[in-house]
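Data first, discussion second: the structure below is written as structure tokens.
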Amino acid sequence: MPMFEPLKRDGLIEFEGGGDGQVLDLDTAVKDGVLGGVNGGGGVLDEKLDLNKMIKELDLPEIPSVFICPISLEPMQDPVTLCTGQTYERSNIHKWFNTGHLTCPTTMQEIWDDTVTPNKTLHHLIYTWFSQKYVLMKKRSEDVQGRAIEILGTLKKAKGQARVHALSELKRICVAHLMARKTVVEEGGVSVLSSLLGPFTSHAVGSEVVAILVSLDLDSDSKSGLMQPAKVSLIVDMLNDGSNETKINCARLIRGLVEEKGFRAELVSSHSLLVGLMRLVKDKRHRNGVSPALGLLKPISVHKQVRNLMVSIGAVPQLVDILPSLDPECLELALFVLDALCSDMEGRVAVKDSANTIAYTVRVLMRVSENCTNYALSILWSVCKLAPEECSPLAVEVGLAAKLLLVIQSGCDQALKQCSAELLKLCSLHYSDTMFISKCKLTRTIQ
């Protein structure tokens, strides 16, 4: 059989390999066929463009199948064709042959000639398609970059509704384009945006500013500039009174600030902040606010003044009551916060006094994750140690003893097993041996 060559028929090019015998008219392919979606000529092609670099930077989700190597399922950069008419990336087919295979990977036909022929026409199509996409991407990036700089200039002097419109457009392009976000940071846009937050800022302006800031990669200096009490106070106000999207953005922005080294606990020791976060947690209509709210409650609950405030606003029973409705990620966050609250006497009492604490935490054991089990055990230990005669029998009645035996028998962390053994011992003090063994439901546990 002759070596493969593209078959030319009346201006058509037929690829017998890599495209199931697909017939391509080169002009049509470049304009709207294989190369469709680039409007014929997306820009002037630079022959110095590196194909490998273009493929990596574009990272396109959809690529014409004729460009894909059947072996690696990646775009071909150096396509070669076998005597069977199938086309592959040169390095991939050489690896195939070097491992002792004497067949065509696609058809499994035996190869009578392992010579490969460069498929220059397909290479040209691939290069042209990626080049046009790449040039368009670069042009759009430059347009976005220029527009972001222009808006930042406008924001320095715009007022009223014009400022809101400018912020809205900047938010739109920042959400859609990485280059816009980089440009805002590199051009000093964070300080411009930060300057718009203050005691007299309207929520219309503030909500747009926060939405932009939360999309940016803020450095330490930028975060320090946002930690001023007046700015944090405005963000907290919007967390309480803004739209659901604004509330979520405010929670995420504050969390980013909390994670900074120089953050001061008094900035989040706010009755208004905690009330706003608990509203997000309990909002049954907008469940997408639960994770951001709990995600902020977790790092701030390590501060004693915050824990005291949480107890005073009645956050403990509210957190306990939502446990059954949470997904695993949110459940772990909520249990962490409840465990942190147990580090203070006031918090332990509040957790103990919540009607569903024991039943809900026992249910979590060995059902979600090791972290959840760890936090739940710590909570149960705190309340049972605080009021053993009241809490231990109740915990055993809802199945704690059997769950503790499962933890001890499992392959989990040794410290977790030790905690389980101590809690089991504490619970057993209120029963005779025979009665406690029956409560452990050993037969069902072993099964």
Side-chain angles (χ1 to χ4, degrees), residues 294-295 297-299 301-302 304 307 310-311 315-431 435-442 444-447:
L294 289 172
L297 282 172
K298 178 181 177 180
S301 66
V302 301
K304 182 175 176 60
R307 295 196 298 270
M310 289 184 69
V311 173
V316 173
Q318 295 174 34
L319 284 173
V320 170
D321 289 343
I322 65 165
L323 292 178
S325 65
L326 299 178
D327 61 47
E329 180 184 353
C330 290
L331 179 61
E332 186 171 318
L333 292 171
L335 288 171
F336 177 96
V337 174
L338 287 169
D339 186 29
L341 287 164
C342 287
S343 60
D344 305 313
M345 177 57 72
E346 297 83 355
R348 281 197 295 276
V349 171
V351 172
K352 177 190 75 70
D353 289 344
S354 296
N356 296 312
T357 294
I358 291 175
Y360 289 169
T361 50
V362 169
R363 188 183 303 173
V364 167
L365 294 176
M366 298 297 290
R367 290 189 63 179
V368 184
S369 68
E370 188 166 320
N371 279 341
C372 286
T373 295
N374 195 3
Y375 297 140
L377 272 178
S378 181
I379 293 167
L380 287 165
W381 173 260
S382 295
V383 298
C384 289
K385 188 74 173 176
L386 178 66
E389 294 184 358
E390 175 186 351
C391 297
S392 295
L394 178 58
V396 171
E397 289 300 322
V398 295
L400 175 61
K403 286 289 188 78
L404 293 175
L405 286 172
L406 283 175
V407 175
I408 294 169
Q409 295 166 11
S410 72
C412 64
D413 182 71
Q414 191 60 39
L416 207 57
K417 293 183 179 183
Q418 182 64 32
C419 180
S420 299
E422 292 176 2
L423 185 54
L424 190 64
K425 181 178 180 181
L426 179 64
C427 292
S428 68
L429 297 177
H430 304 279
Y431 295 90
M435 178 64 71
F436 189 66
I437 290 174
S438 69
K439 294 293 182 181
C440 287
K441 302 178 183 177
L442 284 176
R444 192 162 69 183
T445 300
I446 293 171
Q447 289 175 347

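The structure displayed is predicted, hence computed values, not measured ones.
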Atom [atom1] of [X] and atom [atom2] of [Y]: how far apart are they, to the nearest 0.5 Å?
{"X": "Ile322", "Y": "Cys330", "atom1": "CD1", "atom2": "SG", "result": "8.0 Å"}
{"X": "Leu377", "Y": "Glu370", "atom1": "CG", "atom2": "CD", "result": "10.5 Å"}
{"X": "Cys342", "Y": "Leu380", "atom1": "SG", "atom2": "CG", "result": "9.0 Å"}
{"X": "Arg348", "Y": "Trp381", "atom1": "CZ", "atom2": "CH2", "result": "12.0 Å"}
{"X": "Ser378", "Y": "Leu335", "atom1": "OG", "atom2": "CG", "result": "10.5 Å"}

Looking at side-chain heavy atoms only, is the closest gap between [X] and [Y] below 4.5 Å?
{"X": "Leu294", "Y": "Leu319", "value": "yes"}
{"X": "Leu326", "Y": "Leu333", "value": "no"}
{"X": "Pro328", "Y": "Leu331", "value": "no"}

Only pairs under 3.5 Å count here: list side-chain donor-acceptor contacts from residues 359-368, not counting sequence neighbours, and write none if there are none.
unit_1: Thr361; atom_1: OG1; unit_2: Thr357; atom_2: O; d: 2.6
unit_1: Thr361; atom_1: OG1; unit_2: Ile358; atom_2: O; d: 3.2

Distance-minimising heavy-atom pair for Pro317 and Ser354: CA-OG, 3.5 Å
Work out which heavy atom in Gly347 is nearest to a heavy atom in Val311; give both atom names and the distance.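 Between these two residues, the closest heavy atoms are CA-CG2, 3.9 Å.
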Could you go step by step and tell me if Leu341 and Met310 meet the side-chain contact (heavy atoms from CB on, under 4.5 Å) rule? CA-CA 8 Å; Leu341 287 164; Met310 289 184 69; 4.1 Å; yes
Does Glu422 CD have over 12 foreign heavy atoms under 6.0 Å away? yes
So, using salt bridge (Lys or Arg N to Asp or Glu O under 4.0 Å) as the criterion, who are the partners of Lys304 when residues are at least two apart?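 Residues passing salt bridge (Lys or Arg N to Asp or Glu O under 4.0 Å) with Lys304: Asp344.
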Arg307 side chain vs Ser301 backbone, donor-acceptor pair below 3.5 Å: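 Side chain of Arg307 to backbone of Ser301, a donor-acceptor pair under 3.5 Å: yes, one is there.
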Counterpart residues, side chain to side chain donor-acceptor pair (under 3.5 Å), relative to Gln318 (two or more places apart):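 Side chain to side chain donor-acceptor pair (under 3.5 Å) list for Gln318, sorted by chain: Lys282.
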In plain terms, say whether Lys352 and Glu390 are close enough for a salt bridge, that is, a side-chain N and a carboxylate O under 4.0 Å apart. yes
